[in-house]
Amino acid sequence: MTAVMTEAELEKDFEHTLSRDQRIEPRDWLPEAYRKTMVRQIAQHAHSEIIGMQPEGKWITMAPSLRRKAILLAKVQDEAGHGLYLYSAAETLGADRADLTDKLISGRQKYSSIFNYPTPTFADVGVIGWLVDGAAICNQVPLCRSSYGPYARGMIRICKEESFHQRQGFELLMTMMRGTQAQRDMVQDAVNRWWWPSLMMFGPPDDDSPNTAQSMAWKIKRHTNDELRQRYVDMSVPQAEALGVTFPDPELKWNAERESYDFGPIDWSELKRVISGDGPCNAERIANRRKAQEDGAWVREAATAHAKKKEA
Ligand code: BYC
């Protein structure tokens with residue numbers, strides 16, 4: 001007969017798994033607060049992928065060539081796939097996918113601030129690939145070592161696809177930079193608009209990040225928001241030089257002592273405003289998501305009826 005473990009023993013076992021850098025799996029006991037944090041982060045991440053289809057998706061019908069259209073279509077479909085793996089990962093923690101969607105469209109769960117900015121020109125498609133997917137890779141590569149198994153494994157495939165996304169963005173911008181002055185201006189204008197919001201993707205500064213300490217202790221996050229933001233700046237500056245664009249920050253300069261780039265202050269009030277629903281496109285993004293959910297109701301009903309019939 002197996003002895004029933006007490007809560008204290010289960011907790012000790014959980015901590016032991018973390019201390020050996022092993023994964024927590026769906027079959028394992030885990031503290032309720034860990035489960036809640038994981039569902040929160042995975043759901044926000046899934047929502048970001050799904051809402052994140054909209055800014056670029058708008059350009060699928062207007063892409064300037066068949067090649068660009070095919071690439072963009074594939075990229076946007078990848079984002080949908082990422083959202084679906086992530087909702088599945090959240091389900092392994094007992095979350096209900098329909099409930100998560102309800103929470104998104106009723107404003108009770110967040111998604112990344114970055115997808116609340118408009119995409120007025122085709123250069124935005126390139127800049128999203130280069131900067132936004134670049135920031136996403138920087139943030140997500142360490143998440144491949146996150147302590148929750150299904151999330152960490154999902155992240156491996158997601159990162160591979162994000163790398164392709166970043167390359168396609170950079171290649172698109174390189175092509176535009178070899179074009180006319182008007183095209184080069186369009187690229188620089190898009191870079192000017194996306195640079196600061198891309199820095200905000202990494203979250204609030206460490207001394208104003210309520211979740212970082214616990215998430216690091218649980219090995220969900222492997223680096224703080226500021227560490228990853230700095231890594232991203234250091235990685236992006238040489239890429240901007242190769243491309244022939246500048247970032248809109250007069251204080252950006254190499255610091256030989258730190259072996260990193262210094263950068264100017266971030267407007268944290270803008271991040272707060274966008275997260276709380278008052279960004280340039282928040283209302284439009286959620287209205288589109290709500291409409292898609294309503295338009296798809298008949299498909300979900302039919303699929304449920306079919307599943308019931310099969311079961312019977
Ligand atoms: N936007 O204590 P903190 C993609 C929230 S999509 C909105 O630092 P944490 C792509 C934060 O959630 C990839 N909210 O939190 C798709 C928390 O709120 P609650 C998106 C933000 O969790 C299509 C509060 O502020 N990537 O690649 O320790 C096309 C305090 O923050 C933001 C992910 O989702 C923000 N920027 O750290 C192209 C990555 N920043 O829940 C590309 C996974 C913070 O306490 N997530 N908040 O009310 C993470 O790594 C972490 O959750 C974060 C925040 C670094 C974002």
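Both counts, for ligands and for their atoms, begin at 1 and track the order of listing. Residues take their numbers from the sequence shown, with the count starting at 1.
Considering backbone and side-chain atoms alike, P204 places every N or O at 3.5 Å or more from each N or O of ligand 1.
Within the listing of ligand 1, atoms 2 (O), 3 (P), 8 (O) sit less than 4.0 angstrom from a heavy atom of S209. Within the listing of ligand 1, atoms 5 (C), 14 (N), 18 (O), 19 (P), 48 (O) sit less than 4.0 angstrom from a heavy atom of K110. Atoms of ligand 1 found under 4.0 Å from any heavy atom of A136 (numbered from 1 in listed order, with element): 27 (O).
Classified by interplanar angle (parallel below 30°, tilted 30° to 60°, perpendicular above 60°), the ring pair F202/Y232 is tilted. Ring planes of Y34 and W218: perpendicular class, angle over 60° (limits at 30 and 60°).
For Y148, the ring pair (Phe, Tyr, Trp, His ring centres under 6.0 Å) test picks out no residue, with sequence neighbours left out.
Of all the heavy atoms in R285 and P55, the pair that sits closest is NH2-CG, 3.7 Å. Closest approach of E56 to V125, counting heavy atoms only: OE2-O, 4.1 Å. Contact detail for A135 and S198: the closest heavy-atom pair is CB-O, 4.3 Å.
With a heavy-atom cut-off of 4.0 Å, N139 touches ligand 1 through its side chain alone. Contacts between M53 and ligand 1, counted as non-hydrogen atom pairs separated by less than 4.0 Å, are absent for every part of the residue.
Residue contacts with ligand 1 do not include Q109, since none of its heavy atoms lies under 4.0 Å from the ligand. At least one heavy atom of E162 sits under 4.0 Å from some atom of ligand 1.
What sits closest to atom 13 (C) of ligand 1 on the protein, heavy atoms only, is Q140 OE1, 3.3 Å.
The side-chain hydrogen bond (donor to acceptor under 3.5 Å, both in side chains) contacts involving residues 10-20 comprise H16-R20, R20-Q22, where partners must be two or more places apart or lie in separate chains.
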